[in-house]
Amino acid sequence: MNDDVFLGKKIVLGVTGGIAAYKSCQLIRDLKTRGAVVRVIMTPSACEFITPLTLSTLSQNNVIVNHLPSNQNEGVSLQTWHIDYGIWADLMIIAPCTVNTIAKIAHGFADNSVTTVVSALRSKLIIAPAADVDMYENSINLDNLEKLRKRNIFIVEGESGFLASGLEGKGRLANNSKIIDQAELVLSDINVDLKNKNILVTAGPTFEDIDPVRYLGNRSSGKMGYSIAKAAYLRGANVTLISGPTSESIYPEIKLISIRNASEMKTQIDANISENDALIMSAAVADFTPQNYSLHKIKKETEVSAIDLKETEDILYSIKNSKIKKVGFALETENGIENAKKKLTAKNLDFVVLNSLLDKDAGFEFATNKITIIGRNGQPKEFPLESKFQVANKILTELKKTLNEN
Ligand code: CTP
């Protein structure tokens, strides 16, 4: 597999003073698991919530708190450490970032370890704000966040939910996995290039019920489609995800429509398609469904020898709206290119994403995938085995080109 983009990457993690500071422990762990080198800096108020020793132990590096070393009188000096950190970093993340630190950065202050490094930073910066709802939604804070966005600072917005005050609303620190997904895009130099695009993604299997207990399903985990939806959102698109039953989770900002069977999938696609610029059909839709549904559990004594099936409607084929870009998948076990090309033509797709079940570690249930993209010019583009998130980005880059062809 291609190397993880985090491998050996130098990340400065700024931690500021809010209750969500405790979540930075897991963030450090996750970044280190991906192979990053992490140096932590903390504001003095962050130390009221969590100790430098904890973060130093987890990051396996020294933690800087005071931008002016407190024990200089004893002859200790970190010299121009803030400049060194600003040059050293491949990426800086501030998580959690308080409204105070957001305001300071928006106005160019450099009065503590975190803001001083920001002022000297050469790399890109990701900020994950966290605050109680009234502080978060305060118009001054929202203006400041807008200022940062205009300066190409990436904001991983807070999420809604139960807050430390007991109130409910926006302000929870974004999930670590979303911060890491954002960091992966930034480290991969992928731009926010799908702004103002509306993208409909389908994912997962469909379950075709036989009776209240049994169904016909398939092994799709939904990972590929969920990765596409997440990457498209982080690249600026408005994303609607129509998903069959899976155990995957999605960012709260993405509109999730849960369906169970092929017919419900079709109904939801029809209801949503016209608002979209593209449909990425990564769901493994059943081709057949039981002819009859039994309202009661079919008993053993019934001696069922066969279940009659009828064909489901081919959803991709049924969409004739030429304004919408259509991306299909082809999961094949033999004659991959040939079969994928047939699907491209028969379903009038803009491109088809072929994955072969013969490739090791690719396809259903794996975290990785290996795809070949075939467009209307018929020339296959092969990609290496990569994480499904990386694969998702390859598909979206291809989609972006197709959208530009209008
Ligand atoms: N698809 C669809 N509606 C269906 C079945 C499939 O829109 N009822 C879509 C899938 O989501 C995928 C593409 O069509 O994007 C190809 O699906 P696949 O199962 O590989 O191909 P089929 O056309 O069903 O042909 P076969 O199963 O014979 O390979």
Side-chain angles (χ1 to χ4, degrees), residues 199-209 215-229 232 239-246 248 257-273 276 278-291 309-322 324-359 362-365 369-376 380 388 391-392 394-396 398-399 402:
I199 300 182
L200 185 58
V201 182
T202 69
T206 62
F207 287 175
E208 309 300 323
D209 289 328
Y215 60 84
L216 291 173
N218 62 64
R219 290 173 52 198
S220 170
S221 62
K223 284 193 175 76
M224 192 64 250
Y226 276 63
S227 294
I228 294 170
V239 181
T240 304
L241 174 64
I242 303 180
S243 172
T246 80
E248 293 294 302
I257 301 171
S258 297
I259 55 91
R260 183 166 174 84
N261 55 39
S263 157
E264 288 173 11
M265 172 81 80
K266 161 86 178 135
T267 306
Q268 288 302 335
I269 291 178
D270 285 348
N272 286 279
I273 189 83
N276 283 279
L279 166 66
I280 305 181
M281 194 75 196
S282 65
V285 185
D287 291 328
F288 299 97
T289 191
Q291 186 85 251
L309 300 175
K310 60 179 180 198
E311 247 184 79
T312 58
E313 185 169 359
D314 190 315
I315 305 172
L316 265 180
Y317 177 79
S318 73
I319 294 160
K320 305 289 186 197
N321 186 337
S322 58
I324 289 149
K325 304 290 177 189
K326 290 200 297 178
V327 179
F329 275 67
L331 184 75
E332 304 293 341
T333 52
E334 53 187 354
N335 305 326
I337 302 271
E338 198 185 315
N339 285 332
K341 279 185 178 173
K342 275 189 197 153
K343 285 175 189 171
L344 178 82
T345 318
K347 303 187 192 215
N348 193 22
L349 305 177
D350 289 274
F351 63 90
V352 62
V353 180
L354 162 68
N355 34 137
S356 162
L357 276 187
L358 301 178
D359 287 318
F364 286 146
E365 293 159 357
N369 205 359
K370 185 174 181 322
I371 58 159
T372 303
I373 291 181
I374 308 169
R376 286 186 172 163
K388 286 193 170 163
V391 170
K394 300 287 156 43
I395 295 167
L396 291 172
E398 195 63 31
L399 177 68
T402 314

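Being a predicted model, the structure only gives us computed values, none of them experimental. Order of listing sets the numbers, starting from 1, for every ligand and every atom in it.
- Remark: Ser220 pairs with no residue by the side chain to side chain donor-acceptor pair (under 3.5 Å) rule, at least two apart or across chains.
- For ligand 1, one of its N or O atoms has an N or O atom of Phe329 under 3.5 Å away.
- The closest approach between Glu313 and ligand 1 falls below 4.0 Å for a heavy atom of the residue.
- Between the side chain of Thr312 and the backbone N or O of Ala286 there is at least one donor-acceptor pair closer than 3.5 Å.
- The closest side-chain heavy-atom distance from Lys326 to Met281 is not below 4.5 Å.
- Taking every non-hydrogen atom of Leu331 and a distance limit under 4.0 Å, the qualifying atoms of ligand 1 come out as 20 (O).
- Near Asp314, meaning under 4.0 Å from one of its heavy atoms, ligand 1 places the atoms 2 (C), 3 (N), 4 (C), 7 (O), 8 (N), 23 (O).
- For atom 14 (O) of ligand 1, the nearest non-hydrogen atom of the protein is Lys347 NZ, 2.8 Å.
- Glu311 is not listed as a side-chain neighbour of Asp287, based on a closest heavy-atom distance of 4.5 Å or more.
- Residue-to-ligand polar distances place Leu316 within reach of ligand 1: an N/O pair is separated by less than 3.5 Å.
- Here is the list of ligand 1 atoms found below 4.0 Å of a heavy atom in Asp287: 5 (C), 24 (O), 27 (O).
- Between Met281 and ligand 1, at least one N/O pair is under 3.5 Å apart.
- Among the atoms of Lys343, some N or O lies under 3.5 angstrom from an N or O of ligand 1.
- Looking at heavy atoms from C-beta onward, Lys223 lies out of side-chain contact with Asn369 at the 4.5 angstrom threshold.
- Under the 4.5 Å side-chain criterion, counting only non-hydrogen atoms from C-beta, Val391 is not in contact with Ser227.
- Near Thr312, the atoms of ligand 1 lying under 4.0 angstrom from a non-hydrogen atom of the residue are 8 (N).
- Not one N or O of Ala284 is nearer than 3.5 Å to an N or O of ligand 1, by distance alone.
- Residue-to-ligand polar distances keep Glu332 apart from ligand 1: every N/O pair is separated by 3.5 Å or more.
- Residue-ligand proximity, Ala283 to ligand 1, at heavy-atom distances under 4.0 Å covers atoms 10 (C), 11 (O).
- Here the NZ atom belonging to Lys388 is positioned 11.5 Å from the CD1 atom belonging to Ile371, to the nearest 0.5 angstrom.
- Close approach of ligand 1 to Gly328 is summarised as follows: ligand atoms under 4.0 Å from at least one heavy atom of the residue are 15 (O).
- Residues Asn355 and Lys370 form no side-chain contact, since every pair of their non-hydrogen atoms from C-beta on lies 4.5 Å or further apart.
- Side chains of Thr202 and Leu279 form a contact here, defined as non-hydrogen atoms less than 4.5 Å apart.
- The distance criterion of under 3.5 Å between nitrogen or oxygen atoms is met by Ile315 with respect to ligand 1.
- In this structure, the side chains of Leu216 and Phe288 stay at 4.5 Å or more apart for every pair of heavy atoms.
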